[in-house]
Protein chains: 2
Amino acid sequence: MEHQLTESAMAEMLGGQRMTKQRRLVFDVVKELAPTHPTASTVYERAKLLMPSISLATVYNVLETLTEAGIITQVNIDREASRFCPNLHPHAHFFCDQCDSVFDVDLRERADAAEPWNLPNGSLIEQMNVAMRGICPECREKSDATN
Amino acid sequence: MEHQLTESAMAEMLGGQRMTKQRRLVFDVVKELAPTHPTASTVYERAKLLMPSISLATVYNVLETLTEAGIITQVNIDREASRFCPNLHPHAHFFCDQCDSVFDVDLRERADAAEPWNLPNGSLIEQMNVAMRGICPECREKSDATN
DNA sequence: ATTGAGATCAAGAATTATTCTAAAAAAGGA
DNA sequence: TCCTTTTTTAGAATAATTCTTGATCTCAAT
C-alpha cells in the first residue's frame, strides 16, 4: 500500500483545486475497493451509502479530476467500462476470463515495459497501457481439480 | 504484407461460415485502409462506396465475425471507438497524441511481451494488449523544427 | 429447377457508458 | 457578510455498439 496516497499528499496533487467532501469520499472508496478495480458505477453505489446525496455525475467528475491529477489511474480493457485504481506503480492488469477478477501485475525490478517492442527511432512514449486476458492461478487450480 | 491473409486463407478460417460478398468487401476495405487502422464507421463509409446497400450493422457484424475467426484484430485504446487491423503478427500499437495516427509496433525478434512483467505463478495468458500513447517521430521532428 | 432450412443481412430501435448543460450549492477571499 | 469562482447535482444528450425483426440469400436435398 506504500504507493497509495495519503489524503494530504492527495491535496497537494490537486494543485489549486479544492479538497471537497466528494473528492475525499470517492478517493477513499477507490482505495477501499482497490482489489476489485471498481467501475464508476460501483464506486457510485458504495459512495451513495456513505453520502446519499452524491450523484453519479459527480462520481464521474471526481474520477476524472483524480485521474488528471495523477492521483488514481484509469484502467481500460477492450470496450468494457473503465475501472479505477489507486496503485501508482507502473503496472499492468490481468483480467481473468473465468472469474472476471482483475489484478495488478508489477513491472519486474529494473525492467522496461517497452523493451520487447521494436519502436521506430524518435518516438516518445508518454504512456503505456498493458492488459492481459487469460485464466488466473485460482481458476486454473479449480479447473485442474475438476479434470 | 506477408502476414495479411489472402481471400482463400480467409475462407478457411471462417470455418463453416460462408464467404459472402459483404465479408469479402469488409475484409478488403480493412486491408486497404490498414495503415490508418480504421474504425467501424470508417470501414462503413468506404464500403458503402463500393456496395451502397451495405448497412452499418452488417459492418459491425462482419468485423465481429472476422475478429472471432482470427482474421483481423480489434484494437482498443482508452475508450475510443475500436479500430481494426489485418496485421496478425504479434504487435502493439502506438497512438500519436499530436496527429492522431496509429501505427503497428512489432515485437522484437525472440522477445517475449510478458517478460518485463512479474506475473503470479500459474497464470495463463490468452491474450495481451499493449498500447502506447505519445508523439510519433514525424510529429517530434516537426515540433523540433518549430522550436 | 424447386423447395425448405438455416445463415446472413438490413433498418431501425435499444442499450450502455459517458459527457454535457444549466441551475443550485458551497467555498474562499475581500 | 457579500461576491466570485468552483463544485455539485439532476437530467438531457451523445456516441459507439448491440439487439431485434423481418427480408433475403445459400446450399443441399429432392
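In what follows, chains are A, B, ... by sequence order, proteins preceding strands, each numbered from 1.
Residues B:R18 and B:E64 both approach DNA chain D. Their nearest nucleotides, taken by heavy-atom distance, put B:E64 toward the 5′ side. Nearest-nucleotide mapping onto DNA chain D: of B:A81 and B:K21, the residue sitting toward the 5' end is B:A81. Of the residues near DNA chain C, B:P52 and B:Q17, the one whose nearest nucleotide (by heavy atom distance) lies more toward the 5' end is B:Q17.
Taking atom CG of residue A:L56 and atom C1' of nucleotide C:dT21, one finds them 16 Å apart after rounding to whole Å. If you measure from atom CE of A:M19 to atom C1' of C:dA26, you get 16 Å, rounded to the nearest angstrom.
Side chain of B:Y60, nearest nucleotide from D:dA16, C:dT18, C:dA10: D:dA16. Relative to the side chain of B:T58, the nucleotides C:dC9, D:dT8, D:dT17 differ in distance, and C:dC9 lies closest. For B:Q22, the side-chain atoms get nearest to C:dA10 when compared with the rest of C:dA10, C:dT18, D:dG11. Side-chain proximity of A:R79 to the nucleotides C:dT8, D:dT17, C:dA17 is greatest for D:dT17. Comparing atom distances between the B:V62 side chain and each of D:dT7, D:dT9, C:dC9 picks out C:dC9 as nearest.
Look at A:T20 and you won't find any side-chain N or O under 4.0 angstrom from OP1 or OP2 of C:dA27. For B:S82 and D:dT17, the shortest distance from a side-chain N or O to OP1 or OP2 is below 4.0 Å.
Salt-bridge annotation for A:E64 and A:R23: absent, with no side-chain N of the basic residue lying under 4.0 Å from a carboxylate O of the acidic one. The pair B:E126-A:R140 fails the salt-bridge criterion, with no side-chain N (NZ, NE, NH1 or NH2) lying under 4.0 Å from an Asp/Glu carboxylate O.
Using a 4.0 Å heavy-atom distance criterion, B:S53 is classed as a sugar-phosphate-only contact. When heavy atoms are screened at a 4.0 angstrom cut-off, A:N61 is found touching base atoms of the nucleic acid. A:S41 comes within contact range of no nucleotide atom at all, as no heavy-atom separation falls under 4.0 Å.
Remark: A:E12 CD is loosely packed, at most 12 non-hydrogen atoms of other residues, nucleotides or ligands lying under 6.0 Å away.
In this structure, B:Q74 CD and B:E68 CD are separated by 9.5 Å, a value rounded to the nearest 0.5 Å. The distance from atom CG of A:N87 to atom CG of A:D104, rounded to the nearest 0.5 Å, is 4.5 Å.
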